[in-house]
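All remarks here apply to the structure that follows.
Just so you know, ligand 1 is whichever comes first in the structure, and atom 1 is the first atom listed for that ligand.
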Amino acid sequence: MQEPFVLPKLGIVVLMLAGLLQLPSPTPPTSPFVVQPYLQLGDLSNLSPVEPVRLLWQAPSDSGGKWAVDVRQGEADSWRPAVAVDGRLIPGDSPYRLFNVSLTRLRPGTEFDYRVSKDGVVVFSARGKSRSAVDQPYRFVVTGDTGADTPQERRVVHQIYRARPDFFAVAGDIVYSTGRMIEYRQKYFPVYNADTASPETGAPLIRSRLSFASVGNHDAGTSDLTRDPDGQAYYLNWSLPLNGPYGQAGLPNTQILKGPPEALKTHLGLLRSAFPRMANFSLDYGNSHWTFIDSNTYVDWSDAYLRNWLARDLASAKAAVWKFVVFHHPPFNSSRAHFTEQQMRLVSDIFEHRGVDVVFAGHVHNYQRTKPLKFLAKPAPDRTFKSAGSYVIDGDFEIDDTFDGSTDTTPDGVLYIVTGAGGAGAYDPDQTDNTPTWQPFTQKLISDTYSLTLVDVEGRLLRLRQVTENGDEIDRITITKPNSLKDSTLSQKPNGR
Ligand SMILES: [Fe+2]
């Protein structure tokens, strides 16, 4: 990731012109943005023959003016306009305009420049990157439980930026504490889209790289439209594939919203087709397939329809070398915190049968890595998998005790990573290296520092590292597949690439 452009904002341009014309310096104008531009993948259901990337931002509702977006791929390329730039009005106590613009005709796996203009003046520019092509190596970061407006969140985001990933994913609890738009504006966008990169500010990350996310309990933290009319902001702020199993509000296994009928109708109209569809989705990136699913307790993953959707989605990724799944509540967790919330164990068998390599979760605010494992849930005598109010799932384990990620790099089973140390207060720090407190399936547990998961994929070789808020490496494993690149130069490249 290159250093982002110095932003030729409206104020800078005006000040330069004033200097040239020997005019007195005008008062710097205010930013034209409520939320500065950032990249998203968008919906893949209407796939054009070119790589999709979308640019989103928010502006004041009364700002008026003519907006434009131009894109180019390389400095030899000429700027070309995006197809249409039109913000839709989001009403409410603080109305604003939400822009979601398609950046057209991008090549896979390449960087591109873009600039946003208002009334003919460039007000924002940055350099982004499209999804990697199937044969390209790539680097990604996963973190979770992040948007808490803490110094640790900003330091973790700075480390993500320093790692120069091709994209990153959030394993839920994107913002605290109820997933409202106002919380995104205070705790997520200013940090993940900061103008400068530093441990104190965060970094200009989401303007330059794609990001994906699953819905955590705090992202679905309000269903009361009377109290929180700007709730469910996930479905406005993220623009992700709309290929999930549920397309209609009010269905089982979706979040049920409450409020006066008219307010409910208005709210659902604003969220459009994203709610509840975008709670579950999948996408391909390079040689990998990614499935993001909703692990909140309003979802019953023993439901046959839902299980079939997940199994079919994973089975459809026949060409993928790697399969990754992301959700919020970890099925295998050794922390005392959230220990009984094991509802996602119900789909472990699907992960095993469909060849999932690594599952990433958050919710528990620390780092944990399991041994490769297989698990089959045992139903209770009443043939259900959990009693009322309890999410403890009993079952049979098969654990691979020989995989160590260095001498044995071929796991027999699924690896489960908890990477919930992204900024919200750490859980159970005394359990770090305190193995007697761990479950038999746990290989590593570090809960006395904030951290992120950094993964390099090159063909059939994967290297996973856990990096702290200060840049220190605290865990490292390698996973290889049959016919792996034994002489890979992965570890010899500059910057570990
Ligand atoms: Fe959580």
_Test: D456 and R139 ion pair at under 4.0 Å_ =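 Yes.
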*Give a yes or no on whether H218 keeps an N, O or S atom under 2.8 Å from the Fe ion (ligand 1).*
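No, since none of the N, O or S atoms of H218 sits under 2.8 Å from the Fe ion (ligand 1).
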*Could you label the plane-to-plane angle of the W57 and F33 rings as parallel, tilted or perpendicular, counting under 30° as parallel and over 60° as perpendicular?*
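Correct class here is perpendicular.
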*For the residue pair F332 and F441, categorise the inter-ring angle as parallel (less than 30°), tilted (30 to 60°) or perpendicular (more than 60°).*
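The arrangement is perpendicular - the two ring planes meet at more than 60°.
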*Degrees at the Fe ion (ligand 1) between the ND1 atom of H363 and the NE2 atom of H328, nearest 10°*: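 Roughly 90°, rounded to 10°.
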*asked:* With rounding to 10 degrees, what does the angle N217:OD1 / the Fe ion (ligand 1) / D173:OD2 come to?
replied: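 The two atoms form an angle at the metal of about 100°.
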*asked:* How about CG on D430, more than 12 heavy atoms from neighbouring residues, nucleotides or ligands closer than 6.0 Å, or not?
replied: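 Yes - once you tally the heavy atoms of other residues, nucleotides and ligands closer than 6.0 Å, there are more than 12.
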